[in-house]
Amino acid sequence: MKRFSVFIILGVLLASSLRLQAQDDFKRTEDVIYGRKYGVALTMDVFQPAKPNGFGILWMISGAFKSAHENINPAAYRPLLERGYTVFAVVHGAQPKFTIHEIEQDIHRAVRFTRHNAAKFGIDPGHLGITGSSAGAHLSLAIGTQGAPGDAAAPDPIDRESSAVQCVACFYPPTDFLNWSKAGDDGVGYGATIRDQAAFGPLSYSAADRKILGRELSPIYFVTSNMPPTLVMHGDADKTVPLYQAKSFEQRCRETGAPFKLIIKPGADHGWPGMDADVRTFADWFDEHLRITLENTGK
């Protein structure tokens, strides 16, 4: 028994050592509270690299509009951390308790909180990026297209901050729930998205209300030429979110003159092996449209 206990202790020490070695190039601050609602704390984990470049990226922890702290994956952020980006892993209120409308407000709050505390985290408040995949990509585009000025009269100074971001890069986002796999294909908590109806709320129960709700929740209807530079990566074999979503968003961006780039991954479904390499492509995008752009201005 004594020998067995020694092996346990050695195992714990080894695991701790490996964990420290894996994280010795960044600092992780867990459960930073960025807001509260209905008695629930909204939290984010902050990852600060050893050699920060002074810019922040908000990473949406979201799948099917569900979010949980245990889904935070530091390994996924390594390509960004290696470039010096401070990563804010944002956990939001999840369906079925909260609807997409309510979840989007969480993300506005997260951006405002990050900007308000920029000096604390050592980042530039005027140059923030956002990223995510699937539902997290939808939330990224929602902020990219609808980030808004704060309320100057708000009693909470965080709410006085802008929720706009300056760059977006994301994987396979829903962009138009009214036209899911083709024109007229209703996906507003209906048809292909019926399993997530709770996320859309009671307005998804009737066809007439879905027409209104679909426009409110779809980033494609908020695209303007002032949209921040946006990169979308999407597989052409995606059986969860059709490639049609990215292609139609691309067309809308062309029509409005919005800065947009689409990278199509041949044969890729809803996620694929080697996505860490694609996060490096995101890092390149952020370098071009956040870091390098600011450096070139001389600010």
Side-chain angles (χ1 to χ4, degrees), residues 58 60 62-65 92 95 99-108 111 129-148 163-194 196-197 199-201 203-204 207-236 238-265 270 282 285 289:
L58 289 93
M60 303 296 98
S62 188
F65 299 103
H92 60 71
Q95 70 116 332
T99 66
I100 299 172
H101 265 315
E102 294 169 314
I103 292 168
E104 288 179 347
Q105 293 310 306
D106 293 350
I107 311 307
H108 282 281
V111 176
I130 193 168
T131 187
S133 60
S134 197
H138 169 273
L139 295 172
S140 297
L141 290 184
I143 293 296
T145 57
Q146 300 160 69
S163 63
V165 295
Q166 287 65 53
C167 194
V168 181
C170 58
F171 293 108
Y172 36 86
T175 68
D176 186 358
F177 292 111
L178 289 174
N179 303 282
W180 188 246
S181 62
K182 60 183 179 180
D185 181 21
D186 187 347
V188 188
Y190 181 82
T193 64
I194 188 69
D196 295 317
Q197 188 180 49
F200 294 85
L203 289 178
S204 65
D209 287 337
R210 285 198 299 273
K211 289 182 179 180
I212 299 172
L213 183 63
R215 289 189 69 87
E216 293 175 347
L217 296 181
S218 299
I220 197 170
Y221 299 106
F222 298 92
V223 171
T224 69
S225 60
N226 294 324
M227 185 179 80
T230 299
L231 170 65
V232 165
M233 200 172 291
H234 206 130
D236 66 3
D238 195 325
K239 294 183 286 293
T240 303
V241 178
L243 178 61
Y244 183 83
Q245 292 288 298
K247 296 288 287 183
S248 58
F249 194 82
E250 179 184 42
Q251 180 60 35
R252 180 60 179 158
C253 288
R254 285 176 180 168
E255 293 169 353
T256 60
F260 180 79
K261 181 178 181 179
L262 172 61
I263 297 176
I264 298 175
K265 302 288 288 186
H270 203 63
F282 286 4
W285 185 257
H289 296 287

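- Atom OG1 of T193 and atom CZ of F65 lie 9.5 Å apart (nearest 0.5 Å).
- Summarising the geometry of V223 relative to R252, their closest heavy-atom pair is CB-CG, 4.0 Å, with the distance given to 0.1 Å.
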So Q245 and D238, side-chain contact (heavy atoms from CB on, under 4.5 Å) or not? Walk me through it. CA-CA 11 Å; Q245 292 288 298; D238 195 325; over 6 Å; no
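- Across T256 and S225, no two heavy atoms sit closer than the pair O-CB, 3.3 Å.
- Panel note: side chain Q105, backbone E102; no donor-acceptor pair is recorded below 3.5 Å.
- Q146 and F222 get closest at one heavy-atom pair: NE2-CD1, 3.4 Å.
- Annotation: side chain of L139 is in contact with side chain of H92 (closest heavy-atom distance under 4.5 Å).
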Evaluate the criterion ring-ring contact (aromatic ring centres under 6.0 Å, His included) for residue pair F249 and H234; output intermediate values, then yes/no. CA-CA 12 Å; F249 194 82; H234 206 130; over 10 Å; no
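- Between the side chain of Q251 and the backbone N or O of A246, no donor-acceptor pair lies under 3.5 Å.
- Annotation: salt bridge (charged side-chain N to carboxylate O under 4.0 Å, His left out) contacts of E250 (sequence neighbours excluded): K247, R254.
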Does the pair L58 and I143 meet the rule for a side-chain contact (heavy atoms from CB on, under 4.5 Å), with working shown? CA-CA 11 Å; L58 289 93; I143 293 296; over 6 Å; no
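- Taking both residues in full, the closest heavy atoms of A258 and T224 are given as CB-O, 3.2 Å, listed atom of the first, atom of the second, then distance.
- At distances below 3.5 Å, at least one donor-acceptor pair connects side-chain atoms of T131 with backbone N or O atoms of A169.
- Aromatic ring centres of F282 and F171: separated by under 6.0 Å.
- Proximity of Q166 to H289: side-chain heavy atoms (C-beta onward) are nowhere separated by under 4.5 Å.
- Within 6.0 Å of CZ on F260 lie more than 12 heavy atoms contributed by other residues, nucleotides or ligands.
- Nearest heavy-atom pair across M227 and G144 is CG-O, 4.0 Å.
- In this structure, the side chain of T175 does not engage the main chain of I220 through any donor-acceptor pair within 3.5 Å.
- Counting only distance, with no hydrogens or angles, the side chain of D185 and the backbone of N179 share no donor-acceptor pair below 3.5 Å.
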Please report the C-alpha distance between V188 and L178 in whole Å, then the side-chain angles of each, then the deciding distance to 0.1 Å, and finally whether the side-chain contact (heavy atoms from CB on, under 4.5 Å) criterion is met. CA-CA 6 Å; V188 188; L178 289 174; 3.8 Å; yes
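- Ring geometry for F177 against F200 counts as perpendicular: the plane angle is over 60°, on a 0 to 90° scale with 30° as the lower cut.
- Aromatic ring orientation, H270 versus Y172: tilted (interplanar angle from 30° to 60°).
- Taking both residues in full, the closest heavy atoms of M60 and G136 are given as CG-O, 3.4 Å, listed atom of the first, atom of the second, then distance.
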